[in-house]
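The next block holds one structure in the form of structure tokens; read it before the comments.
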Amino acid sequence: MLSLCRILISKIMERKVRVRFAPSPTGPLHMGGVRTALFNYLFAKKHGGDFLLRIEDTDQNRFVPGAEEYIIESLKWCGLVPDEGVGFGGELGPYRQSERKPMYKKYADLLIENGFAYYAFDTAEELDEFRKEAEAKKEVFSYDLHTRNNLKNSLTLSSEEVQARLASGEHYVIRFKMPENRDIVEEDLIRGRVSFNTNQLDDKVLFKSDGMPTYHLANVVDDHLMNITHVIRGEEWLPSMPLHILLYESLGISETRPRFSHLPLILKPEGKGKLSKRDGDKMGFPVFPLLWKDSVTGESYRGYREDGYFPEAFVNMLALLGWNSGTEQEFFSMDELIESFDLSRVVKSGARFDPEKAKWFNRHYLQQKSAAELAGLFLPILTEKGITAEQQQLEHIVGMIKERCEFVKDIWTQAHFFFQAPESYDEKTMKSKWKPDTAEKLQAISELLETVTEWKAEAIKETFSAFMTAKEWGFGAVMVPIRLALVGGSSGPDLFEICELIGKTETIGRIKKACDTIQL
RNA sequence: GGCGCGUUCUUCUAACGGUUAGGAAACCGGUUUCUCAAUCCGGAGAUGGCAGUUCGAUUCUGCUACGCGCUACCA
């Protein structure tokens, strides 16, 4: 027995690691889905394996146009490029389950042949009725070993009748015949030992009356056919793991079946429950990687990309939601993530998403970028405002203010005054810092500035300081009003640097304008 | 209701029987500066509860509470 185990284990070890991300195209990909994809990708790359994208579109009623393209674009934006899958080629396709439709029936038939599954003719309406009746009695209807013998299926009907019904084209489903009283124990790679007793499980539909398999059958068959070695999916799938294990067993393909890992859920920042698409609007953060416009309702949902997040920040943030390296490192490039990733270091409990932390990551990645790169990213924003600027000057400006930015769009907020004179002045600053004699002092300063020949921050500062000392004026009493005149508010980088950049004429002009405009 | 999973500062998490329970975000205070932010320094802040095992439990076991997930011819 022990040696058999060893052989099995070594057999599994020999196989090339293959994992899949298998979303259903029912809408935009949620950030939780992206994290699942990320962990699959990291695991695959860590072990030199393959990462596949399979589209699980077995429910044709829930198909949403554009969702598949959205999923692919999201993965690309995050740098999670599949080795195989819809849109990426591969030998074991097709990778869209609707296109694999003919492949599933024979597995369902095989299960029936061997007594692991049966035909059921109960209509959806009949079952609904049973559910309602049970509910009235404060019970729950379940199609299982207790009820299957009283329902319309190939277990209770004579084989002649079953044949007749099938021949007549009557609708039927194929259900799994859950075995009695078996303990299914599995070593989940994240959660450790997890066990279930089959008496608590119901006879799940494997094959629907529309000729499509359900998720349960399709994912087992496909994972088998696609040589998937590890299934890494969300915690919501944990309850169906025993069914899947039994399916592999009944199909006689247990030996090569994948190992399971169930990821913790991503929870709402506040309140209860898992993160949902509505939370983003309510609390002002994106839930989706990319902007999504619902073609039916016309509603749109913001995306991390359009909100100005860098993909590397988004990925880094997601990686640390439910996983840590065991060190104090918090910033990881994709290569570093691949290097450090380990399923055993995935946390078991659900993680509450913190939008603030996402911003913090973005700030970090923005600071890492050179002024030249940021200037390039900022240029379109400037162009849109009809402003042109020299690359060199733009770099200078960006370099000066980037440390106070979280997003590229913040560059404008922090640097607008380099491009445009202020149109209004901050009330609070005006009230507290603009004294009756301020205008008079600023007039004197303007005259002084006229005399400055070398218009450089250092030189301006020297002339200015000497003047201030001679006059015995307080630095603050004059500096803040000048800043107000140049910037329009009381924030920003070094005042003399601003003077240098906007130029002598503009500096003096703005000071004069402020003196003319601000009336106490 | 049933089944399953989970529970360390406000949040993300570390500590896999022996630590003053560590780090990060946020928050507060200080530093710096003409201002704001950043920076830097400092502060406050946690093992849900009850038993048991043990010389010793955040860590192991049981119970309980709470939270979450699943319980569709959805995935």
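Owing to the predicted nature of the structure, the values given are computational and were not obtained by experimental measurement. Residue numbering restarts at 1 for every chain, and letters A, B, ... go by the order of the sequence lines.
Distance A/L343 CG to B/C16 P: 20 Å, rounded to the nearest Å. Atom CZ in A/R191 sits roughly 9 Å away from atom P in B/C5 (whole-Å rounding). Per the geometry, CG belonging to A/N362 stands 14 Å off P belonging to B/A26, to the nearest Å. Separating the CG atom of A/D426 from the P atom of B/A37 is a distance of 13 Å, rounded to the nearest angstrom. Residue A/L238 contributes atom CG, which lies 8 Å from atom P of B/G6 at whole-angstrom precision. Rounded to a whole Å, the CD1 atom of A/I511 is 17 Å from the P atom of B/C34. For the pair A/M400 CE and B/C36 C1', the interatomic distance rounds to 15 Å; values are reported in whole Å. Nucleotide B/G4 holds its C1' atom 14 Å from the CZ atom of A/R233, rounded to whole Å.
Pairing of B/C55, defined by two Watson-Crick or G-U wobble distances under 3.5 Å, is identified with B/G18. With a cut-off of 3.5 Å on both pairing distances, the Watson-Crick or G-U wobble partner of B/A65 is B/U7. Look at B/C36: it lacks any Watson-Crick or wobble partner with both distances under 3.5 angstrom. Of the nucleotides present, none pairs with B/U31 by Watson-Crick or G-U wobble criteria with both distances under 3.5 Å. Checking B/A44 for Watson-Crick or G-U wobble geometry (two distances, each under 3.5 Å) identifies no partner in any strand.
In this structure, the nucleotide among B/A24, B/G6, B/C5 sitting nearest to the side chain of A/E330 is B/A24. Of the listed nucleotides (B/G6, B/U11, B/G67), B/U11 has the atom at the smallest distance from the side chain of A/R352. When distances are taken from the side chain of A/D354 to each of B/A25, B/C36, B/G67, the shortest belongs to B/A25.
Residue A/K359 is out of contact with every strand shown, counting any heavy-atom pair closer than 4.0 Å. If you check every strand for non-hydrogen atoms under 4.0 Å, A/V478 touches nothing. Base engagement by A/K357 is indicated by at least one non-hydrogen atom pair under 4.0 Å involving a base atom. Heavy atoms of A/L495 sit under 4.0 angstrom from at least one base atom. Residue contacts for A/E403: at a heavy-atom cut-off of 4.0 Å it reaches a base atom on one of the strands shown. Within the 4.0 angstrom heavy-atom criterion, base atoms lie near A/R483. Within the nucleic acid shown, A/R345 comes within 4.0 Å of sugar-phosphate atoms alone, with no base atom in reach, counting heavy atoms only. A/G322 comes within 4.0 angstrom of sugar-phosphate atoms only, judged by non-hydrogen atoms across all strands, and of no base. Among the protein residues, A/K433 comes within range of no part of the nucleic acid, since none of its heavy atoms lies under 4.0 Å from any strand. Note on A/V347: only backbone sugar-phosphate atoms sit closer than 4.0 angstrom, heavy atoms only; bases stay farther off. Within the 4.0 angstrom heavy-atom criterion, only backbone atoms of the sugar-phosphate kind lie near A/G273; the bases stay farther away.
Distance check on atom C1': B/U33 versus B/A38 gives 12 Å, rounded to whole Å. Comparing B/G45 with B/G29, their C1' atoms sit 15 Å apart, to the nearest whole Å. Spacing between B/C63 and B/G2 at atom P, rounded to whole Å, works out to 15 Å. The separation of B/G49 from B/G43, taken at their P atoms, amounts to 27 Å, rounded to a whole angstrom. Nucleotides B/U19 and B/U58 place their C1' atoms 12 Å apart, quoted to the nearest Å. Comparing the P positions of B/U47 and B/C12 gives an interatomic distance of 16 Å, to the nearest angstrom. Comparing B/A15 with B/G23, their C1' atoms sit 11 Å apart, to the nearest whole Å. Nucleotides B/A57 and B/G62 are separated by 15 Å at their C1' atoms, to the nearest Å.
Ring geometry for A/F419 versus A/F378: interplanar angle of 30 to 60°, hence tilted.
A/D59 and A/R62 are joined by a salt bridge, as a carboxylate oxygen and a charged side-chain nitrogen come within less than 4.0 angstrom of each other. Remark: A/R131 engages A/D128 in a salt bridge, criterion side-chain N to carboxylate O under 4.0 Å.
For residues 263-275 of chain A, every residue pair satisfying the side chain to side chain donor-acceptor pair (under 3.5 Å) rule, not counting sequence neighbours, is listed here: A/K268-A/D279. Pairs passing the side chain to side chain donor-acceptor pair (under 3.5 Å) check and including a residue from residues 397-425 of chain A, sequence neighbours excluded, do not occur.
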Please list, pair by pair, any protein nitrogen or oxygen found under 3.5 Å from a nitrogen or oxygen in nucleotides 72-75 of chain B.
| residue | atom | partner | partner atom | Å |
| --- | --- | --- | --- | --- |
| B/C73 | OP2 | A/R175 | NH2 | 3.3 |
| B/C73 | O2 | A/S209 | N | 2.8 |
| B/C73 | O2 | A/S209 | OG | 2.6 |
| B/C73 | N3 | A/S209 | OG | 2.9 |
| B/C73 | N4 | A/D122 | O | 3.4 |
| B/C74 | OP2 | A/K208 | NZ | 3.1 |
| B/C74 | O2' | A/D59 | OD2 | 2.9 |
| B/C74 | O2' | A/R62 | NE | 3.1 |
| B/C74 | O2' | A/R62 | NH2 | 3.3 |
| B/C74 | O2 | A/R62 | NH1 | 3.4 |
| B/C74 | O2 | A/R62 | NH2 | 3.2 |
| B/A75 | OP1 | A/T58 | OG1 | 2.7 |
| B/A75 | OP1 | A/K208 | NZ | 3.1 |
| B/A75 | OP2 | A/Y215 | N | 3.2 |
| B/A75 | O3' | A/E56 | OE1 | 3.4 |
| B/A75 | O2' | A/S24 | OG | 3.0 |

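Nearer the 5' end of RNA chain B, as judged by each residue's closest nucleotide, is the contact made by A/R193, out of A/P264 and A/R193. Nearest-nucleotide assignment on RNA chain B puts the 5′-proximal partner with A/F353, out of A/F353 and A/D494.
For B/C3, its base never sits under 3.5 Å from the side chain of A/N197 at any donor and acceptor pair.
Looking only at side-chain heavy atoms (C-beta outward), A/E339 and A/F332 stay at 4.5 Å or farther from each other.
Applying the 6.0 Å contact sphere to CD of A/Q368 captures more than 12 heavy atoms from other residues, nucleotides or ligands.
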Side-chain donor-acceptor pairs under 3.5 Å in residues 353-360 of chain A, sequence neighbours left out?
| residue | atom | partner | partner atom | Å |
| --- | --- | --- | --- | --- |
| A/D354 | OD1 | A/E356 | N | 3.0 |

Validation: residues 465-477 of chain A side-chain donor-acceptor distances under 3.5 Å, sequence neighbours left out:
| residue | atom | partner | partner atom | Å |
| --- | --- | --- | --- | --- |
| A/S465 | OG | A/K461 | O | 2.7 |
| A/T469 | OG1 | A/S465 | O | 2.6 |

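Ring to ring, A/Y119 and A/Y172 are close: their centroids are under 6.0 angstrom apart.
Between A/K274 and the phosphate of B/C68, there is no side-chain N or O to OP1/OP2 separation shorter than 4.0 Å. Phosphate contact (OP1/OP2 of B/U13, side-chain N/O of A/N324, threshold under 4.0 Å): absent.
The side-chain hydrogen bond (donor to acceptor under 3.5 Å, both in side chains) check on A/R483 picks up nothing, with sequence neighbours excluded.
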